[in-house]
Structure formats: C-alpha cells, structure tokens
Asker: 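One structure is given below, represented as structure tokens, and several questions about it will come after.
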Amino acid sequence: MKLSGLPVKTNKNVRQFESKNATLLQKAGFIDQTMAGVYAFLPLGWRVLTKIEQIVREEMDRIGVEVFMPAIVPTKLWETTGRLETVDVLMKAVPANASAALKNDAEYVLSSTHEEVVTPLVMKFNRSYRDFPFAVYQIQTKFRSEPRAKSGLLRCREFRMKDLYSFHVSEADLKKYYEIVKKAYLEVFRRLGLGDDTVVVLASGGDFTKDYSHEFQTRCDTGEDTVFRVPSSEVAFNREVAPAKAPPVTYRDTDMLPRKDVEGKGIIGVDELARFLKIPVEKTTKTLIFKADDGQIIVAAVRGGYDVSEVKLAKAAGVKSLRLTDPETVKQITGAQTGYAGILNLPDTVRVFIDESVGNRRNFETGANRTDFHSTNVNFGRDLPEPGRFYDIKVARPGDLFPDTGEPYEVFQACEVGNIFPLNTKFSTAFGYLFTDESGSTHPVYMGSYGIGTSRVMGVIVEKFSDDRGLVWPRAVAPFAAHLITLKGAEKRGAQVYRELTDSGIEILWDDREESAGVKFSDADLLGIPYRLVVSPKTGELVEIKLRTSSASELLSLGAVIKTIKADKE
RNA sequence: CGGGGUAUAGCGCAGUUGGUAGCGCGCAUCGUUCGGGACGAUGAGGUCGCCAGUUCGAGUCUGGCUACCCCGACCA
C-alpha cells in the first residue's frame, strides 16, 4: 500500500492524553475519537484490529464455530432473563424523532453481551443429548454505557469483542470445555505478543455462579485492575476476591490500658481520627453497617486503613447483595449518629462480622456507638467478648499475605483482556432450554461464556510496546511487515523494490510521498511497523533494513531482505 | 453519580481593565532544500460550544445547558 494513497495523515500536534494508547494512536492516525469512549478505526488501525481478530478467529475455530448475531435485539429477550433492569451499562435504541416513532415505535436493546440472543437461537436446533456439546462464537461491536469512558481503547462505550458460548449436558462437561478455552485463550495472548505478561486470575463469578470466574489480566500500569499473585504458585486473584491476611501490626503495646471514651466531634474517617487521637491508623477500627437484600442488618469491622469488601462480606453472610444503611437505621442500631459506629455494645439483633485484621491488637480504637465519641484502648476479652471467629471481609491491599501459605502477595496493575464464565444453567433456565437425555427425560443445558476484548487488546499492546518515538507493533499484529522509505533521487529504484516486495507476498507500506527525509523517518518511527527499509541514492542496488526496536541498520540485497523478513514470520 | 478542569481556524494553543480575533502546525501557490519532523515569500481559512442576561458595546462579565479531559465511587 502506498502512503500517499491513505486519506489519513499523522498529526504532529495532538493533545496529550493520560494514556499512551489514546495519544499515540491518534497522533499516528490509527484511530479518531468520535465522542467519549467511541472511536473510528482508520486504515492502519483497522488493519491492526483485523489482524488481532484474525488471530482470535483462528484459535476459536479450533474449539467453536463462527456466527454473527444482531447488535440490536428485542427488549423482550432481556426481560426474560431479568437483566433489562439489572445490567447497569445496558443501552437502548429508540426512535429518534416523531415521524420515526410513528412508523415504528419499538425500542431495542443495544447488545452489551449475547447470552440473550444465543440461547434462544441455539435452542431452536439443539434439543437432543446427541447434539452436545457445541460452541458458537462471534466477533462483533458491543455497546456499554460506561459511566466514565477513559484511557483510549481501554474503556469504551462502543468496542469490539469476541464472545464465545458453549453448551453442555452436564456441569462436568462444561468444566472440561472451560479448561480447553483457558488453554486456547493463553495461546491467543501468546500469539498476540502478550503471553509473558498475561496471567489467569480468579475473579468474582457475579450473579452467574458461586464459583470464581477467570480473568485474563495483562500487566499494564494503565490497567484498572489490581492483581494479587501468589509468588510460589500459579495462583492469582483479582483484588475484589483476593483472600487476605493483614500483616501484624507494627506498634507494640504489651499491657492492657484502661479504656477511655474520647470526645471527638466531627472526627470521621480513620486518617483524621488517628491524627486526632495521636495513634497509628492501624490501631483504629472501621465499622460499617449494611442492609442485606433480605433485610437483615449486618455490621462489618475492619482494621483502619482497610476497606470492607462487599463481595467478600456478602459471601461470608450468605446474602446476595448488600447496601450501606441509611443514617436512621445506623442510629437505631448504634444509638449514635453516623460516624461513631463501633463494635462495642451492639444489639443481639444484628449479625456482626469482624475481619481478622481487627484481632491480634492490643488497645485498639473503635467507634463508641455514642454520638461524638470514640473508644480507645479497647481489648477483646475485657471490653467485649472474643468473637467466635474472625472473617476475611476486607479488600486486599499491597503488603497483605496469602492466608494459605502466609507469603506476601506480588501486587501489580493489570488490564483485563479476557474473561471466562461458567454460566451453568442460569440462562437455560430463564429461557426454558432443556435437552432430552437417552432415557427421554429433560434437563437444563449447562452453558459457559467467554470473551476477549479485541479493541481493548489493541490499546493494551500500545501501552506495553510503544516508546517515546511512537508505536512499536509486535510482528503478528503490525499493520504491515515493512515500511519502505524512498528518498529523493531513488524514486525509480523505490518503485521497483516496492513491486518486488509486494510480489513476494510481503505486506509493505511504501512512503512514496514527496516529503523531506526527516518527516519520513519520524513518521516511520511513529507508525511502528517492525521493519524499516530505505532506498536512496546512497544504497545503490542494496536496501537498508532496520528493526523498529533496534538502532542498528544493515545493507542487504533485495533478495536477502525478503528472506530476512519472511524468516521472521512468527 | 460527586469533585476539578477545558471549550476560540482542520489540529494544538494564546487572547491583558469589556472596544470589532491572533500564534504554531496543517492546507494552497512559487522558489530554495532533501539520510532525522528544512527555509523564504504570498494566500485561503473563524456565528469565539449552545441558550438567555448585563452593557452603547461581550471571546472576555452573570446564569443555565451541552460536550470533552482528569480524579473519585456510598468508606461511618
């Protein structure tokens, strides 16, 4: 392809965004922002995305069959599963004006995922145990009304995703296939050049399952997830579910001191409180009061500096969901206004969950359950009974220990590039998808769903591989294998080299513009194509070849250049 | 959803106490350059986000809205 033919130019002066991918991809003319979280893919960007998706397609074709489902679907399907009301990023398409409404006043869901489409689809055809297992996948545009789109391609409202759905007669068969998908995904990320930095992470199963789901997380400082990896094993957790043991407190109190109730009006929040009481934060206790979906009141306490994990707390309490209670309920339960809740003198009617980080401390602080007052030098066994058991209901933080082995976690930021879910029978039950077994009786179908965010992967690759001069594409996803620059005085030779390279099957981008050498070189760096070839009056019958990742170039014959580039293919 | 910032030429930005709008890049024409974002000359290009208001007069002041960017997500 000739660069002069591209209807897109690089832009020397684009705005600096926080994320490299947003800045560089726009500077190099790979994408263009239409609105927050919505981008047009320009010729070079589209080629990259297509390459990423082709790799995904090749690996998915080994374990499933490609289909293409609609993006706008009837709201009824989402009513059937109850998710029309619960998925908080779901968007609708509605008539834009009165005359459109007059002709067709229907509302449609803009799909954010396709369980609601694929389940009724495949149940039309597959009802016998003989039809199972099977899996279908698609690569498609998805819509999610993110409250805050950000970081270029990493968090979009409209984005590209590969979604695979599998169907099974038993949970055991689903689990077997689930492991096959896991392997296929790791192969995808290896081929995309992300293999060394992508780990399988245990995450919350959400509504679908009590078990963990699995996320594929790529190390990336711009990523929004925090991964807690156990150094001595392959186990890693998303922060939201990482089991955590707090490190021992660092202050040393040996004797119990007399308990004091200290007036501290308006002192709310552990940092302010610790300063006010002149005690370390780790001596304070944070107490939160929740109401479960079934109405029961749940009091949760963690050591100061920690946050309560609603996911862990809900699991420990055996409830579906939790919400912080309103100030009036707080007052009823603690007898104090919001801000002074503690674990002393709580009524028997509430369930109390005390995190293990609260234990093993002498003379700690807790809210006095009395407006304006905080209790200090509190001790279990004296001021309140030793709890029957301590829980793990805190959000893990760096420095925490993996409870099973006691070793500190390795903690890093990462970006979720893939996610696999055992759906079990949630959707088959909602849609009444039953299969008939050998004996003629019917059972719900077991399902799994598996996603890879292909446009997000493109952003992650930029975050990881770019440098201060521009993009650096791994060979497998680069828009072209080589970038040919012809300098003034070598136009004829350049055209000949271009033709021969093209004929040899190498994907080549030819900068045939009448620009200065400097512009061409810096654009070549910016576009980040793996090989740079230069033909100039100086190179004669030879061609200069240089890797984007290296500063050393060499002069080779055209034949040797072709050989070198071809030999490097994956 | 809460907080902060921004909105002026295709892009990035400046614009003083309110007085009729500017720079750089890019674009067009000509000339000189040509292995690391070259230079000179000339030129085109703007309802200053939208709606109200104050004023003789608003890019500038006031109110409202919208969009974009950043930070934070009920933390007792």
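Proteins come first, then strands; the chains are lettered A, B, ... in the order of their sequence lines, and each starts at number 1. Computed from a predicted structure; not experimentally measured.
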Asker: Examine B/G36: is either OP1 or OP2 under 4.0 Å from a nitrogen or oxygen in the side chain of A/S522? Give yes or no.
Answerer: no
Asker: Which value, in whole Å, describes the distance between the P atoms of nucleotides B/G3 and B/U47?
Answerer: 34 Å
Asker: Between B/C1 and B/C11, how far apart are the P atoms? Round to whole Å, please.
Answerer: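 Each nucleotide's P atom is 28 Å from the other's.
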Asker: With sequence neighbours left out, write down each residue that passes ring-ring contact (aromatic ring centres under 6.0 Å, His included) with A/Y340, or none if nothing qualifies.
Answerer: A/H374
Asker: Please name all residues satisfying ring-ring contact (aromatic ring centres under 6.0 Å, His included) with A/F276, sequence neighbours left out, ordered by chain then number.
Answerer: none
Asker: To the nearest Å, give me how far apart CD (A/E491) and C1' (B/C34) are.
Answerer: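 My rounded result for the distance is 10 Å.
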Asker: Looking across every strand, which nucleic acid part, if any, lies under 4.0 Å from A/T539 by heavy atom: base, sugar-phosphate, or nothing?
Answerer: base
Asker: When you compare B/A44 with B/C23, how far apart are their P atoms, in angstrom units rounded to a whole number?
Answerer: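 The same atom, P, in both gives a distance of 13 Å.
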Asker: My validator wants the stems of RNA chain B: runs of 3 or more consecutive Watson-Crick or G-U pairs, both distances under 3.5 Å, written as range with range.
Answerer: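 If one scans RNA chain B for consecutive Watson-Crick or G-U pairs, the stems found are B:1-7 with B:66-72, B:10-13 with B:22-25, B:27-32 with B:38-43, B:49-53 with B:61-65.
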Asker: Mark yes or no: A/R389 above the aromatic ring of A/Y391, with NZ or CZ under 6.0 Å from the six-membered ring centre and no more than 45 degrees from the axis.
Answerer: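 Pair A/R389/A/Y391 counts as cation-pi.
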Asker: Excluding sequence neighbours, so at least two apart, what forms side-chain contact (heavy atoms from CB on, under 4.5 Å) with A/D225?
Answerer: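 If we apply the side-chain contact (heavy atoms from CB on, under 4.5 Å) test to A/D225, skipping adjacent residues, the hits are A/Q217, A/N238, A/E416.
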Asker: Is the shortest side-chain N/O distance from A/Q33 to OP1 or OP2 of B/C69 below 4.0 Å?
Answerer: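 A/Q33 to B/C69 OP1/OP2: side-chain N or O found under 4.0 Å.
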Asker: Checking A/D525 now: which residues fulfil side-chain contact (heavy atoms from CB on, under 4.5 Å) with it, not counting sequence neighbours?
Answerer: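 Partners of A/D525 under the side-chain contact (heavy atoms from CB on, under 4.5 Å) test: A/R469, A/R548.
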Asker: Parallel, tilted or perpendicular, judged at 30° and 60°: which one describes the rings of A/Y212 and A/F237?
Answerer: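 A/Y212 and A/F237: perpendicular rings.
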Asker: Within the 4.0 Å heavy-atom criterion, would you say A/S551 contacts the bases, only the backbone, or no part of the nucleic acid?
Answerer: nothing
Asker: Mind checking if A/Y306 touches a base, just sugar-phosphate, or nothing, with heavy atoms under 4.0 Å?
Answerer: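 Nothing: the residue A/Y306, judged by heavy atoms under 4.0 Å, touches no strand.
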Asker: Count the heavy atoms of every other residue, nucleotide or ligand shown that sit under 6.0 Å from NZ of A/K546, and state whether that count exceeds 12.
Answerer: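 Yes, the 6.0 Å shell around NZ holds more than 12 heavy atoms from other groups.
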Asker: Starting at atom CD of A/E240, determine the distance to atom C1' of B/A73, rounded to an integer number of angstrom.
Answerer: 15 Å
Asker: Say you pick atom P in B/G63 and the same atom in B/C68; how far apart are they, in whole Å?
Answerer: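 Straight-line distance between the two P atoms is 23 Å.
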Asker: Please tabulate, for the side chains in residues 551-558 of chain A, all donor-acceptor contacts under 3.5 angstrom to protein atoms that are two or more places apart in sequence or on a different chain.
Answerer:
residue: A/S557; atom: OG; partner: A/A560; partner atom: N; Å: 3.1

Asker: Can you identify which nucleotide, out of B/G37, B/C75, B/C74, has its nearest atom closest to the A/D523 side chain?
Answerer: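 Comparing B/G37, B/C75, B/C74 against the side chain of A/D523, the answer is B/G37.
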Asker: Using a strict heavy-atom distance below 4.0 Å, which residues from residues 540-547 of chain A are in contact with RNA chain B?
Answerer: A/E544
Asker: Write out a two-atom table: protein N or O, nucleotide N or O from nucleotides 23-32 of chain B, distance below 3.5 Å.
Answerer:
residue: B/G24; atom: N2; partner: A/N13; partner atom: ND2; Å: 2.2

Asker: Could you tell me how far B/G12 sits from B/U16 if I compare only their C1' atoms? Round to whole Å.
Answerer: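 It works out to 22 Å between them.
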Asker: Taking 4.0 angstrom as the limit, do A/D307 and A/K286 come out as a salt bridge?
Answerer: yes
Asker: Choose from B/C70, B/C69, B/G36 the nucleotide whose nearest atom is closest to any side-chain atom of A/R532.
Answerer: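 Closest of the options to the side chain of A/R532: B/G36.
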Asker: According to ring-ring contact (aromatic ring centres under 6.0 Å, His included), who are the partners of A/F380, at least two apart in sequence or on a separate chain?
Answerer: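 With sequence neighbours excluded, A/F380 shows a ring-ring contact (aromatic ring centres under 6.0 Å, His included) to A/F364, A/F390, given in chain and number order.
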Asker: Base, sugar-phosphate, or nothing: which does A/I485 touch, judged by heavy atoms less than 4.0 Å apart?
Answerer: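 It contacts nothing in the nucleic acid.
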Asker: Roughly how many Å apart are B/G40 and B/G35, using the C1' atom of each and rounding to a whole number?
Answerer: 23 Å
Asker: I need the CD-C1' distance between A/E18 and B/G5, as an integer number of Å.
Answerer: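 Result: 12 Å.
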Asker: For A/Y498, what residues pass the ring-ring contact (aromatic ring centres under 6.0 Å, His included) criterion, not counting sequence neighbours?
Answerer: A/W510
Asker: Quick one: list whatever passes salt bridge (charged side-chain N to carboxylate O under 4.0 Å, His left out) with A/R259, sequence neighbours left out.
Answerer: A/D261
Asker: Heavy atoms under 4.0 Å, any strand shown: does A/K27 hit a base, just sugar-phosphate, or nothing?
Answerer: base
Asker: So, using salt bridge (charged side-chain N to carboxylate O under 4.0 Å, His left out) as the criterion, who are the partners of A/K394 when residues are at least two apart?
Answerer: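 A/K394: salt bridge (charged side-chain N to carboxylate O under 4.0 Å, His left out) contacts with A/D355, A/E356, A/D392.
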Asker: By the 4.0 Å heavy-atom rule, please label A/V270 as base, sugar-phosphate, or nothing.
Answerer: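 Sugar-phosphate: the residue A/V270, judged by heavy atoms under 4.0 Å, touches backbone atoms but no base.
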Asker: When the P atoms of B/G24 and B/C71 are considered, how many whole Å apart are they?
Answerer: 33 Å
Asker: Using the C1' atom as the point on both nucleotides, what is the distance between B/G45 and B/C27, in whole Å?
Answerer: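 That atom pair is separated by 9 Å.
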